[in-house]
2 protein chains.
Amino acid sequence: MRRVTIHDVAGKAGVSTAAVSHAFNDPERLRATTVTRILDAARELGYAPNPHARALHSQRVGVLGVLFPQPIATVFANPFFASFLEGIGSVTDERGIGLLTVTPVGGSLERAIAAAPVDGFVIIGLDERNADVAPLRKRGVPFVVVDGDAETASSVNVDDEGGAHAAAEFLLERGHREVLVLTFHAPPDELDKDLGVRGRRLRGYRRAFVERGLSLDDDAVVRTFVTLAGGDSAFAQAWATGARPTAVLAASDIMAIGAMRAAKRLGLRVPGDLEVIGFDDIPLAAASDPALSTIHQPITEKGRVATRLLIRELDEGGPRERIVLPTELLLRDSTRAQPKKSRTLAIAKGGTEREGKRTLKAAAR
Amino acid sequence: MRRVTIHDVAGKAGVSTAAVSHAFNDPERLRATTVTRILDAARELGYAPNPHARALHSQRVGVLGVLFPQPIATVFANPFFASFLEGIGSVTDERGIGLLTVTPVGGSLERAIAAAPVDGFVIIGLDERNADVAPLRKRGVPFVVVDGDAETASSVNVDDEGGAHAAAEFLLERGHREVLVLTFHAPPDELDKDLGVRGRRLRGYRRAFVERGLSLDDDAVVRTFVTLAGGDSAFAQAWATGARPTAVLAASDIMAIGAMRAAKRLGLRVPGDLEVIGFDDIPLAAASDPALSTIHQPITEKGRVATRLLIRELDEGGPRERIVLPTELLLRDSTRAQPKKSRTLAIAKGGTEREGKRTLKAAAR
DNA sequence: TTGAAAGCGCTAACAT
DNA sequence: ATGTTAGCGCTTTCAA
């Protein structure tokens, strides 16, 4: 069942292949009757242009890649990424372009990057300094970095440090002194450098302590997996080793929810005996029981912004930008009620510098 | 910043383009020193083969498409699809192939299908009879149908009717007579034909009633959106119009969870005043409060099976298969406890015919 | 061991 | 208005 090509159509319609191409791409150039004849022939034959040939010629496939530094199964299992992809998808969809998820092939991103039929990449959670980014440059397609720093490409981040600081500050202000901090395991290549999102959030927590003349002890900081089970076991284990926290700061909602589960099992009431603040505001946060107080970050918007940036760069070679979206403390039911007029207590400062609280855009470099 | 091509490498290494190609794909053919020289040149230049050119020639891109008949934003927002994609992704990942989500472009799937640079499609929720499937044939690439019937392609389904029957039977057996059934809105092209998944589940519920000499009244069946809000408002509205159900059968978990939310708001206790059984067993079902009793279907496995089938067809032109995976009633806390030795009460019969309860494979047609 | 050259299917500049 | 033709970048016979 060989695929029918432009030649077959040309033959059947008694014209050249150029005519067929024109009939599809620029019908005005041809006499109307010819166009009809060609289109009829195409339909009868069931002709559809070969996307690879088209891509080869036009140097454009109409597909964007989203690069994850981890197996694809773990990304779809993660509500955070689902929301992020939702944002990306909403703009690719509206522009009629495709979305390809790109993940390591046999452990290496390089092969995956080289082989991906895409016009550009959105990369998430990968610092530009990362070795995996080199192949991207080789590939010669534009990319934008999300949740990571970049010198030579546009980037989209949120104010992780500000958000974390707001969360810690809230708890400290209320008098908590026994606070358990749950953070991610460091990625293998990063070790203890506290780079990226994890480092920024940790710095935010720590700064709030320091500002009050307190310190965040190392044994109050537990690193674990970014999963329900991770948060659960981390809390349970801390408890088992004698920790008696009155509050939890979790660097991700899913870990926070896990910690709440463990706390409930240990007979603690949330927020009565234990106040908990997560990070991210994934959809599950609002649905958990009790509903999780958290640092909201605009996950979906982040995907949208990054994708628009990439498309603009593709279409017009637009300037690089460095965007930082705001985060905010969102109080729900895992913290004890305050005045509670608005659910939003504070909007963390946008940008790590002194810019206002809205989107921060830095000029091209 | 023009992309470096095989010609550049050939020039730099002082060989022909053919030699460069050989160095990469069949180094044995060349003298070792030549290979090294070529590879060095390639590295220095930062050469990476153009995936489009490669695809054009080999008629293979190494990418599979997943076709959704709906906007991409709604698919990532839906936990069911996330699990499904997780299954697909786990096998594409392990085979080192890419995953492209394909959704309607400007309302039409046809353009999207024609333009997608893929070697084959997994299509979900689209009956083969659907008009949108014709372009797929034109495209000339193999595809497998999930959650839909197919004559000319392989298909993967679950025993929807059996599962639904088991759920209804469980409730009826316990004496419930006022049962509210929540089902999907019919897709526009399907109208009232009760085709596909929706029809099969509804038939399963109905059969359980009929078998006991009861009937499932039309006003006990509410059609709504497959969302939390859909289930919530459907239940609330039924209640408002005087319905006083003692049990709910929901054709999807998310609607079931929505209904529970509405019930709680109305002061009903689940499962005390109201027993609820969902369908699908999405991850959220286990995490809801109370944990949702449901008909488990192997969502992730379905994705895996479909993808393996497709890859086999691609690689070896394997035979078509028609697979039906089993469903089972899974009792958690939204139904009142029974003996409760095992959480699994019954395994619905696999297959709509009389096959056993394991995977049903029909021979090629 | 290496290279020349013919495609793969399509587009578009340039004829006619 | 329609056709000729030269690529796009790579692979792969076939010949040298």
Side-chain angles (χ1 to χ4, degrees), chain A residues 1-39 41-42 45-62 111 114-119 138-141, chain B residues 1-39 41-42 45-62 111 114-119 138-141:
Chain A
M1 188 240 236
R2 202 184 107 278
R3 178 96 187 272
V4 6
T5 77
I6 200 171
H7 285 100
D8 304 321
V9 179
K12 172 138 186 168
V15 294
S16 73
T17 61
V20 178
S21 178
H22 290 145
F24 277 91
N25 304 311
D26 188 10
E28 308 291 277
R29 287 182 56 162
L30 266 39
R31 200 183 312 154
T33 61
T34 318
V35 173
T36 331
R37 186 155 40 94
I38 293 174
L39 263 26
L45 260 25
Y47 167 75
N50 181 321
H52 309 314
R54 197 197 272 267
L56 176 58
H57 184 273
S58 66
Q59 303 290 30
R60 273 271 205 156
V61 243
R111 271 183 55 204
V118 300
D119 299 324
K138 263 167 82 161
R139 184 65 150 74
V141 300
Chain B
M1 189 240 232
R2 204 184 107 278
R3 178 99 186 272
V4 8
T5 77
I6 199 171
H7 285 99
D8 304 321
V9 179
K12 171 139 187 166
V15 295
S16 72
T17 61
V20 177
S21 178
H22 289 145
F24 276 90
N25 304 310
D26 188 9
E28 307 292 278
R29 289 181 55 164
L30 266 40
R31 198 183 314 152
T33 62
T34 317
V35 173
T36 331
R37 187 156 37 96
I38 294 174
L39 262 27
L45 260 23
Y47 167 75
N50 181 321
H52 309 314
R54 197 198 273 268
L56 175 57
H57 185 271
S58 66
Q59 304 289 28
R60 273 271 202 154
V61 243
R111 271 183 55 205
V118 301
D119 299 324
K138 263 169 80 165
R139 184 65 150 74
V141 300

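Values below: all heavy atoms of this structure, side chains included; hydrogens, waters and symmetry mates excluded. Below, read A as the first sequence line, B as the second, and so on, with proteins coming before strands; counting in each chain starts at 1.
Direction of the helix axis in the helix from C/dT1-D/dA16 to C/dT16-D/dA1 shifts by 50° between the two five-pair termini, rounded to 10°.
Contact annotation: A/Gln59 side-chain N/O to D/dG9 OP1/OP2 distance is under 4.0 Å.
Proximity of a side-chain donor or acceptor of A/Thr34 to a complementary backbone N or O of A/Leu30 within less than 3.5 Å is not detected. Side-chain atoms of A/Arg37 do not come within 3.5 Å of backbone N or O of A/Ala32 as any donor-acceptor pair.
When the side-chain contact (heavy atoms from CB on, under 4.5 Å) test is applied to B/Arg111, the partners found at least two apart in sequence or on another chain are B/Val105, B/Ser108. A/Arg60 pairs by the side-chain hydrogen bond (donor to acceptor under 3.5 Å, both in side chains) definition with A/Asp315, not counting sequence neighbours. Taking the side-chain contact (heavy atoms from CB on, under 4.5 Å) definition, one finds that B/His7 meets it with B/Thr5, B/Thr17, sequence neighbours left out.
Put simply, NE2 on A/His52 is 11 Å from C1' on C/dC8, counting in whole angstrom units. A/His7 places its NE2 atom 12 Å from the C1' atom of D/dT4, with the value rounded to the nearest Å. For A/Asn50 and C/dG9, the CG to P distance is 7 Å, given to the nearest whole Å. Going from atom CD1 of A/Ile6 over to atom C1' of D/dG7 covers 15 Å, rounded to whole Å. Look at CG on A/Leu56: it is 9 Å from P on D/dC8, rounded to the nearest Å. Counting to the nearest Å, the P atom of D/dC8 and the CZ atom of B/Arg3 are 14 Å from each other. The nearest whole Å value for the distance from the CZ atom in A/Arg60 to the C1' atom in C/dC10 is 17 Å.
Of the candidate nucleotides C/dG3, C/dG9, D/dG9, C/dG3 has the atom nearest to the side chain of B/Ser16. Checking C/dC10, D/dT11, D/dG9 against the side-chain heavy atoms of B/Ser21 singles out D/dT11 as nearest.
A 4.5 Å side-chain heavy-atom check between A/Tyr47 and A/Asp8 finds every atom pair outside the cut-off.
The residue among B/Thr17 and A/Ala18 whose nearest nucleotide of DNA chain C is located toward the 5' end is B/Thr17.
B/Pro51 approaches A/Ala114 most closely through the heavy-atom pair CG-O, 3.6 Å. Considering all non-hydrogen atoms of both residues, A/Val61 and A/Pro117 come closest at CG2-O, 3.5 Å.
Within 4.0 Å (heavy atoms only), B/Val20 reaches no atom of the nucleic acid at all. If you check every strand for non-hydrogen atoms under 4.0 Å, B/His22 touches a base. Nucleic acid contact for B/Ala19: sugar-phosphate only, since backbone atoms but no base atoms lie under 4.0 Å from a heavy atom of the residue.
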Only distances under 3.5 Å count here; give the side-chain donor-acceptor pairs of residues 19-26 of chain A to other protein atoms, sequence neighbours excluded, each with its distance to 0.1 Å.
residue: A/Ser21; atom: OG; partner: A/Asn25; partner atom: ND2; Å: 3.2
residue: A/His22; atom: ND1; partner: A/Ala18; partner atom: O; Å: 3.2
residue: A/His22; atom: NE2; partner: A/Arg29; partner atom: NH1; Å: 3.4
residue: A/Asn25; atom: ND2; partner: A/Ser21; partner atom: O; Å: 3.1

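DNA chain C lies under 4.0 Å from at least one heavy atom of each of the following residues of residues 23-34 of chain B: B/Arg29, B/Leu30, B/Arg31, B/Thr34.
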